[in-house]
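Data block below; observations after.
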Amino acid sequence: MSRNGAPVRDELVARQLDEQLAALFGADAGDAAGSGDATGPAAPRVLRVLDAGLGNGAQALRLARAGHRVTGLEQDPALRALAAEALRAEPEEIRARVSIVAGGGQDTGAHFLPGAFDVVLCHGVLLEARDPGSTLAGLARVLAPGGLLSLLLRNDAALAMYPGRTGDWDAALAAFDFPDRAYRLEALTALLGGIGTPLRQWYGVGVFGREPEEPGDGRVLAAEERAGRTDPYRAVASMLHLCAVRD
């Protein structure tokens, strides 16, 4: 993920992303480093990926290990150093697939040409943007036609759920009056359509908001994965994972 996250959340988003990559770019797109002759006609497609908000580099490294070429864009020097340290521990062939650029999600126009990437990730950093609409337009601009934009962001329609689940009733009541409702599914769907990158699929992430109490207990992940794809549960998840495709 682009920022440090909980293991269940990270795994959920990784699975959802791989599902969309396979649907758009072929069954082997999630693992371009898989078996087979890389020069043959059936070789898995190597994707050009931009991780706008690199964070600790976990998502970038996962995709690089799968054989894709990843550019990480990160404005925080401490996070860039953390990602670079993790990258140094990888084999040389994986290190060669990753580059790290200093900058924020709003800076794509200064660094990259239009259509430079097949996949753009913006996971958990859109809230930091001064102008989210302009930042999204810039991310869409660097996508090639048919490219995938993957957004992970707060679900403003469910702000009262977490404090309500934990018994913080003052915070739950205050959440109903939260003035900013920009990060709601309806508003985001309209925004994505307006920048020529219509929504293809969306998932809820963090419906139940729990990490497993016992190592190796897969029930939490199984329940979260199913709820994140199922109405009405996904609509009250703490985060939304939106997958949009460039016209």
Query raised in the report: Taking atom types as modelled and ignoring hydrogens, do the side chains of Glu224 and Tyr233 form a donor-acceptor contact shorter than 3.5 angstrom?
Result: no

**Report entry** Cationic N near anionic O, under 4.0 Å, Arg9 to Glu211
**Finding:** no

Requested in this report: Would you check if Leu152 and Leu126 make a side-chain contact, meaning some heavy-atom pair closer than 4.5 Å?
Outcome: no

Query raised in the report: Quick one: are Leu139 and Leu149 in side-chain contact, heavy atoms under 4.5 Å?
Result: yes

Query raised in the report: Got Val142 and Val120 here, is their nearest side-chain heavy-atom distance under 4.5 Å?
Result: yes

Requested in this report: May I ask you to test the Leu73-Leu54 pair for a side-chain heavy-atom distance under 4.5 Å?
Outcome: no

**Report entry** Minimal non-hydrogen separation, Val207 against Arg165, with atom names
**Finding:** O-NH1, 3.0 Å

Requested in this report: Taking only Lys NZ, Arg NE, NH1 and NH2, and the carboxylate oxygens of Asp or Glu, determine whether Asp10 and Arg62 approach each other closer than 4.0 Å.
Outcome: no

Requested in this report: Could you check Arg234, His241, Gln16 and say which one makes a side chain to side chain contact (heavy atoms under 4.5 Å, CB included) with Trp202?
Outcome: Arg234

Query - Where Gln59 and His123 come nearest, the two heavy atoms and their spacing - result: NE2-CE1, 3.7 Å

Query - Note, Thr71 side chain near Phe112 side chain (heavy atom, < 4.5 Å) - result: yes

Report task. Taking only Lys NZ, Arg NE, NH1 and NH2, and the carboxylate oxygens of Asp or Glu, determine whether Arg15 and Glu11 approach each other closer than 4.0 Å. Result -> yes

**Report entry** Side-chain heavy-atom pair Met239, Tyr183 within 4.5 angstrom cut-off
**Finding:** no

Report task. I would like to know whether Leu153 and Leu242 meet side-chain contact (heavy atoms from CB on, under 4.5 Å); could you show each step before the answer? Result -> CA-CA 8 Å; Leu153 66 171; Leu242 308 184; 4.3 Å; yes

Query raised in the report: Charged N to carboxylate O under 4.0 angstrom, Asp118 versus Arg48?
Result: yes

Report task. Side-chain contact test, heavy atoms from C-beta onward, threshold under 4.5 Å: evaluate it for Asp51 versus Val119 and give yes or no. Result -> no

**Report entry** Main-chain N/O of Ala237 paired with Asn155 side-chain donor or acceptor, under 3.5 Å
**Finding:** yes

Query - Side chains of Val8 and Pro212 in contact at under 4.5 Å (non-hydrogen atoms) - result: yes

